[in-house]
Amino acid sequence: MICRTEAVVLKAMPFRDSSLIVTLFTRDFGKFSALAKGARGPKSRMASSLMPMCIVEAVFYRKESRDLQLLTQCDVSQPLKLLGADIGKIATGMAVVELTDRVTRGTEESRSLFGHVVGTLAAIDTATKNTRNALYFFELRLLDVLGFRCDYGRCPQCGIPLDTDLTNGMLLEVMAGILCPACAERGVGFRQTSPAALRALQYFQNVKEVQGALNLSMSVALEEEVAGLLRRALQRHVEGLDHLKSEEVFAAILPN
Ligand SMILES: [Zn+2]
């Protein structure tokens, strides 16, 4: 059956002399791999739309019993200028794409996740400041979509609203969120959380649109704390997320 869907390219690998095997995360058919015959050939128009992060309209010949679908046509539907332009943006976009690849299994459809991936890539593309905030916003939505939402507004143990102006006592990172000072005293957690990091988490959780997330400026130390906390939250549910391949690659070339 010939099918058409919007998709994000997660991976592309050369296959034989002139073909590509791509992993697509689609709006209507979940994630699958597809063969793009001759895509790297001189006459192919597909190659430029088959790079990771591309948002495309894909036409493919679908056979459910097959592991590898056959891609017959692919055109960029939402051009992103960040591809090949700004290395910081590429690194952030690649982290979004890699996280998506790691958390999705098979062809289960997830339109809300698809919407978040496309929205986040578009926001990274047009961001003029605090680009990586789009990734933190995305990671929080990813926890929601996976069913592991943490409410950073309240203590998961006693339910009281968490105070971000806290001067006494400590906040403690736990599986289900962040413990208030009273519960933290009696609790066991992963590590202490600063009130500023809690404030940032609440900001990212409450802001409606990814563009709004870009308005928060954080110091390098605070950003490191927030980034680590979010990644640990994901890692507790999906193994292997503490080290993204793309982040290792970009850490080596990005200036500090
Ligand atoms: Zn509490």
Side-chain angles (χ1 to χ4, degrees), residues 92 95-96 98-100 102-105 108 110-113 115-117 119-120 123-124 127 129-244 247:
T92 308
V96 169
E98 193 178 341
L99 281 172
T100 304
R102 297 271 193 103
V103 304
T104 45
R105 297 268 170 276
E108 224 169 276
S110 176
R111 287 199 178 201
S112 61
L113 180 56
H116 284 310
V117 176
T120 304
I124 292 167
K129 57 180 178 184
N130 306 322
T131 305
R132 274 191 95 75
N133 287 9
L135 174 63
Y136 311 137
F137 180 91
F138 176 73
E139 289 181 305
L140 276 171
R141 270 67 200 171
L142 204 50
L143 283 166
D144 285 359
V145 171
L146 295 172
F148 308 123
R149 183 173 202 272
C150 292
D151 179 0
Y152 290 109
R154 289 175 182 281
C155 170
Q157 199 123 316
C158 67
I160 65 156
L162 289 168
D163 179 11
T164 58
D165 296 318
L166 182 84
T167 47
N168 270 319
M170 63 170 180
L171 298 163
L172 200 58
E173 177 189 333
V174 291
M175 185 93 173
I178 296 191
L179 291 185
C180 74
C183 294
E185 236 175 75
R186 301 184 301 269
V188 180
F190 300 102
R191 63 180 77 193
Q192 250 182 277
T193 303
S194 72
L198 175 62
R199 207 174 302 134
L201 287 170
Q202 290 183 354
Y203 181 85
F204 290 134
Q205 192 147 60
N206 294 331
V207 74
K208 293 274 179 291
E209 301 284 333
V210 58
Q211 277 78 13
L214 304 177
N215 290 328
L216 184 72
S217 291
M218 295 186 282
S219 70
V220 173
L222 176 59
E223 183 169 349
E224 236 169 62
E225 188 184 353
V226 170
L229 194 147
L230 284 171
R231 195 57 60 80
R232 285 191 296 278
L234 278 168
Q235 158 78 10
R236 287 197 276 280
H237 302 289
V238 186
E239 248 177 81
L241 292 185
D242 50 342
H243 288 104
L244 292 189
E247 285 177 343

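All ligand and atom numbering here is 1-based and tracks the order in the structure.
Annotation: protein N, O or S atoms under 2.8 Å of the Zn ion (ligand 1) (waters excluded) comprise Cys155 SG, Cys158 SG, Cys180 SG, Cys183 SG.
In this view, Arg231 and Glu139, Glu247 satisfy the salt bridge (Lys or Arg N to Asp or Glu O under 4.0 Å) rule, not counting sequence neighbours. Checked against side chain to side chain donor-acceptor pair (under 3.5 Å), Arg232 has the following partners two or more places apart in sequence or in another chain: Glu173. The side chain to side chain contact (heavy atoms under 4.5 Å, CB included) search around Ser217 returns Asn130, not counting sequence neighbours.
Residues Glu225 and Ser194 bring a donor and an acceptor atom of their side chains to less than 3.5 Å of each other.
Using the six-membered ring where Trp is involved, Phe137 and His116 have ring planes that are perpendicular, over 60° apart on the 30 and 60° scheme.
The distance from atom CG of Leu162 to atom CZ of Arg154, rounded to the nearest 0.5 Å, is 9.0 Å.
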